Amino acid sequence: MLIDTTLLVRNPIIIKGLIDGSLKRFGGVIREAATGRIVCHLLESSNLTSKLFPLPLPPVLDGASAVTNVIGQVIINRKLNEIQNTLNQVQHILPSVLQVSQIAAGASVLNLGVSIAGFAYMGYKLNQIQAALDRVQKSMEAGFDRVEGRLECLSGQLAYLHLLVEHSRKEQQYIATAISELHRMVLIKEMADLRAEIVDRSRYPDSSVRDALKVASRVRMVLSDQAMQAKPALEGQTLLIADVATQGWAVATATEAYLLLEDGQMNEARELLALEVPRLKTVAVQWADTLLSDERSPLVTAYRFATPYFQQHISTERVERIADISSVDTSLTKEQIRRKKKNAELEFEMSYRSQFDRQWTYRQIVIAEYLDALSELSARLENLQAFATLCECRGIKSSRDILPGDDAEEGLYVLPISEEGV
């Protein structure tokens with residue numbers, strides 16, 4: 001690494017800010033909560049990234065109680081004693097303050113931090129999408145009546161679809177058929193081509209990036225078109241196609257950007273992300289505005305999920321991420337947010353309980369899962385854009401010069417931002 005970085009667990013100033021709320025994680029960066037200014041980038045050591053491959057994702061319905069996260073367990077090492085005594089419990093707090101305790105499975109296709117091993121990670125995640133499609137298809141073909149008896153198993157990519165169609169055998173069959181159709185669509189073939197190119201690039205990292213760039217660029221354009229064509233609706237088949245296309249779009253965009261950064265084409269990487277980040281954000285906002293709509297006006301907000309009605313399943317961090325892509329919530333003051341929460345809570349208290357039955361609740365959890373993934377994907381690509389700008393401003397010849405290598409100590413690193421950086 002040509003620029004000094006430090007392990008996150010050895011940076012008491014950043015950790016203190018995360019704990020007291022003055023700093024927050026947004027995608028792959030730490031920002032000032034009050035101003036949104038980027039303070040530092042998160043970088044993953046390659047040995048950390050490789051350990052994240054097989055880790056399980058928390059159940060969809062495990063909600064706010066899932067404050068211990070596998071990522072947090074990995075990144076904390078034995079040297080926490082170097083941190084001042086007032087922070088000696090950071091190993092228990094860090095997963096929560098990084099807001100990784102409850103992130104939708106769909107967001108896991110991109111690394112939390114930038115990493116040399118990012119290609120291999122994204123290739124593995126594309127394979128997981130394929131495996132998830134097969135699992136969901138088998139489950140839908142077999143049919144089921146209720147999901148309550150297996151909530152602990154309801155995790156991973158696309159698992160939320162079970163909550164959406166548990167009440168209807170006909171809709172389960174529609175989902176199974178839709179997955180069969182997906183296998184015949186160009187969408188799955190393009191994702192397979194991208195994964196093959198990522199695997200090849202991981203095996204031969206010193207080869208020319210030209211062929212890989214061609215594939216990533218083609219897949220990005222095809223899948224972005226698929227994702228943008230999907231009309232937002234809380235309907236199983238639509239969610240399925242839009243989710244798979246959007247995740248593939250994000251991976252293809254990140255892959256292309258990684259390749260350009262590695263090859264020293266910093267301006268090209270920045271221009272690519274300047275094009276795709278706003279497009280994906282627009283799609284995310286459209287979905288949020290559609291899925292958060294409700295005939296009861298006090299509930300037309302992401303902050304309906306911040307009421308006691310949902311506290312068992314949806315964490316505060318998740319609500320904040322969803323609010324970031326909600327056009328009615330994104331620029332609210334603290335007082336306006338407080339009123340939104342209070343009005344939503346009163347609506348739940350004043351309305352007949354029959355309006356909010358189990359099926360309605362499950363559909364709301366589906367909405368939270370889907371929108372959280374969109375928000376997190378958007379944030380991680382936005383921060384990759386900031387990283388590309390940083391590399392260009394600092395005259396970096398290749399992103400490999402700034403990322404923790406194979407010999408780096410395992411962990412999550414922070415790369416500070418200079419005044420002229422971003």
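Model, not experiment: these values are computed from the prediction.
- Residues S45 and E410 have side chains that never bring a donor and an acceptor to within less than 3.5 angstrom of each other.
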Open item on the list: Does R220 form a side-chain contact (heavy atoms from CB on, under 4.5 Å) with E276? I'd like the steps, not just the answer.
Closed with: CA-CA 9 Å; R220 168 178 57 84; E276 295 297 354; 2.5 Å; yes
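- When each of Q172, R358, Q359 is checked for a side-chain hydrogen bond (donor to acceptor under 3.5 Å, both in side chains) with E166, only R358 meets the rule.
- Under the 3.5 Å distance criterion, with hydrogens and angles disregarded, a donor-acceptor pair is assigned to the side chains of S180 and Q137.
- K342 and E347 are not joined by a salt bridge, as no carboxylate oxygen comes within less than 4.0 angstrom of a charged side-chain nitrogen.
- A donor and an acceptor atom, one from each side chain of D329 and T301, are located under 3.5 Å apart.
- Inspection of the K170 and Q173 side chains reveals no N or O donor paired with an N or O acceptor under 3.5 Å.
- Side chain to side chain, W249 and Q226 fail the donor-acceptor criterion of an N or O pair below 3.5 Å.
- Taking 4.0 Å as the cut-off between side-chain N and carboxylate O, E335 and R339 count as a salt-bridged pair.
- Distance alone, capped at 3.5 Å, is enough to place a donor-acceptor pair between the D357 side chain and the W360 backbone.
- For the 3.5 Å distance criterion, the side chains of T389 and E392 fail to qualify, holding no donor opposite an acceptor.
- For OH of Y309, the number of neighbouring non-hydrogen atoms (other residues, nucleotides, ligands) closer than 6.0 Å is greater than 12.
- Between R380 and E376 there is a salt bridge, with a side-chain nitrogen of the basic residue lying less than 4.0 Å from a carboxylate oxygen of the acidic one.
- A salt bridge links R201 with E262: the closest approach of a Lys/Arg side-chain nitrogen to an acidic carboxylate oxygen falls below 4.0 angstrom.
- Using modelled atom types and a 3.5 Å distance limit, the side chains of Q364 and R304 yield a donor-acceptor pair.
- Side-chain N/O atoms of R195 and Q130 include no donor and acceptor closer than 3.5 Å.
- Using a 4.5 Å heavy-atom threshold, the side chains of K341 and I337 count as touching.
- Checked by atom type, the side-chain pair R270/N267 shows a donor-acceptor distance below 3.5 Å.
- By the 4.5 Å heavy-atom criterion applied to side chains, V109 and L126 are not counted as neighbours.
- Using a cut-off of 4.0 Å between Lys/Arg side-chain N and Asp/Glu carboxylate O, E320 and K24 are scored as salt-bridged.
- By the 4.5 Å heavy-atom criterion applied to side chains, L332 and Y303 are counted as neighbours.
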